[in-house]
Amino acid sequence: MKPVDHPGPGGEEWRFGKVALKLGLVSPEELQEAVDAQEELRAAGIDTLIGDAMLDLRLITAEQCEQALAEQDRLFRLAGLVGRARGAPTVGWLVAGMIPALCHMPPSGVLAWSGAILLGFALSHGGALRWVGLGWLTSVVAPVLHPAAIAGSGSLLRGWRTHAGAALLGAALGLVPLPGVMHQAGPLFLLAAGALALSGRGR
Amino acid sequence: MRPFDAVFLALVASRCLDRPKRWWLVALAPLLAYGIGWYEPLGRFAMPLAALAAVALAPRWAPVGLLLVLPVYGTLIHSLGAAATWLGLDVVFDALLARLDESAITPRLRGWPIRLAIAGILYYTLLPLAYL
């Protein structure tokens with residue numbers, strides 16, 4: 001039996017730019033224009049999505065963007081990446097922010113963790129190994145911390161907003177005396193689901 | 001952090017990242033954390049070494065591996081249990097999501113809210129496992 005040729009993660013056929021190209025929403029030249037604009041913004045420290053760059057350049061309309069996103073979701077499902085979606089950065093910092101509460105860190109640990117997350121934005125910028133190094137250094141200063149607590153949360157973050165958001169959420173959940181049930185992942189997930197639904201940032 | 005919470009946190013974190021080809025290697029993270037953590041001569045180097053090992057297992061899924069080495073695994077059975085629970089949940093979570101019909105979900109809940117709600121419900125469904 002001939003194997004089904006799913007677009008796997010290696011092929012990256014589900015990338016927004018490639019999906020828009022496949023659907024005929026943009027030409028290869030327009031895609032390159034959007035990629036260039038995205039790279040310029042990234043060089044200036046502004047993390048933007050290729051779809052947003054295309055919208056800003058008026059290469060696609062909002063309806064076409066939705067069309068490409070729906071196709072992208074379909075390809076995610078085929079590739080076994082069902083859960084990966086546009087809201088991933090938001091969920092990334094929510095998950096990172098839950099770590100101090102779930103680790104039952106003492107106040108000094110929470111402050112060291114938050115400081116490391118903010119410092120890490122300047123020093124580590126996405127590299128997991130650098131986050132491990134930063135986590136190890138921080139755990140030397142604050143021995144109550146596990147280096148993986150900093151490295152695990154830090155490597156989930158992209159951009160200064162997510163770093164600041166995770167540091168604030170982590171400090172809030174870790175320092176405010178919350179009932180014991182709030183130090184478990186289940187209730188925090190349900191709260192996060194409610195917050196995302198209300199804010200409309202869950203897609 | 002309890003192993004049970006770490007497993008769920010890793011499950012949600014994994015859905016924010018591209019899945020590497022050898023994603024299942026991450027299931028070894030709890031075993032590494034247990035093995036390295038209980039090797040006394042390493043002393044204070046045990047924790048950073050466990051973190052490095054977690055990154056090496058699947059660099060693209062480093063946050064997932066790192067979250068799985070966070071808990072203190074008291075026994076080998078605990079670490080094996082965490083690995084098995086994570087692998088099982090990974091399959092169950094995707095199976096549940098694949099069965100969801102978007103049109104049956106209110107628009108505000110579509111996307112991540114429903115995924116997180118499913119993770120929360122699975123958490124409470126499997127909570128007795130945390131006390132084994």
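All values derive from a computational prediction rather than experimental measurement. Each chain gets a letter, A, B and so on, in the order the sequences are listed, and its residues count up from 1.
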- What pair of heavy atoms forms the shortest contact from Leu190(A) to Ile121(B), and how long is it? CD2-N, 4.5 Å
- Going from CZ on Arg2(B) to NE2 on His104(A), what distance comes out if it is rounded to the nearest 0.5 angstrom? 7.5 Å
- Message: Would you say CZ of Arg42(A) has more than 12 non-hydrogen atoms from neighbouring residues, nucleotides or ligands within 6.0 angstrom?
- Response: yes
- Query: Roughly how far, to the nearest 0.5 Å, is the CG atom of Leu156(A) from the CG atom of Leu17(B)?
  - Reply: 6.0 Å
- Nearest-0.5 Å distance, CZ of residue Arg108(B) to CG of residue Leu198(A): 6.5 Å
- Message: Quick check on the interface: out of Gly120(B), Ala119(B), Pro63(B), who has the most heavy-atom pairs with chain A under 4.5 Å?
- Response: Pro63(B)
- Query: With a 4.5 angstrom heavy-atom cut-off, which part of Tyr124(B) approaches chain A: side chain, backbone, both or neither?
  - Reply: side chain
- Query: Where does Phe4(B) contact chain A at under 4.5 Å (heavy atoms): side chain, backbone, both or neither?
  - Reply: neither
- Message: Would you say that more than 12 heavy atoms from the other residues, nucleotides or ligands in this model lie under 6.0 Å from the CH2 of Trp23(B), or not?
- Response: yes
- Ranked by heavy-atom pairs below 4.5 Å to chain A, first place among Val55(B), Ile118(B), Leu70(B) goes to Leu70(B)
- Item | When Gly133(A), Ser153(A), Gly194(A), Ala151(A) are compared by non-hydrogen pairs under 4.5 Å with chain B, the top option | Ala151(A)
- Note on the structure: Heavy atoms of Ala148(A) and Leu66(B) approach each other most closely as CB-O, 3.5 Å
- Note on the structure: Value for CG (Leu102(A)) from CG (Leu67(B)), rounded to nearest 0.5 Å, stands at 9.5 Å
- Message: Between Asp5(B) and Ala185(A) (side chain of the first, backbone of the second, donor and acceptor by atom type, cut-off under 3.5 Å), is there such a pair?
- Response: yes
- Query: Non-hydrogen atoms of chain B under 4.5 Å away: do they reach the side chain of Ile150(A), the backbone, both or neither?
  - Reply: neither
- Measure Ser139(A) against the heavy atoms of chain B and call it side chain, backbone, both or neither at under 4.5 Å. backbone
- Note on the structure: In this structure, CG of Leu116(B) is separated from CG of Leu188(A) (nearest 0.5 Å) by 10.5 Å
- Item | Close side-chain approach of Met98(A) and Leu9(B), heavy atoms under 4.5 Å | yes
- If you tally heavy-atom pairs under 4.5 Å between each of Ala117(B), Pro71(B), Ala62(B) and chain A, the highest tally belongs to Ala117(B)
- Message: Rounded at 0.5 Å granularity, tell me how far CZ in Phe189(A) sits from OH in Tyr123(B).
- Response: 9.0 Å
- Message: What part of Val69(B) gets within 4.5 angstrom of chain A, counting heavy atoms only: side chain, backbone, both, or neither?
- Response: both
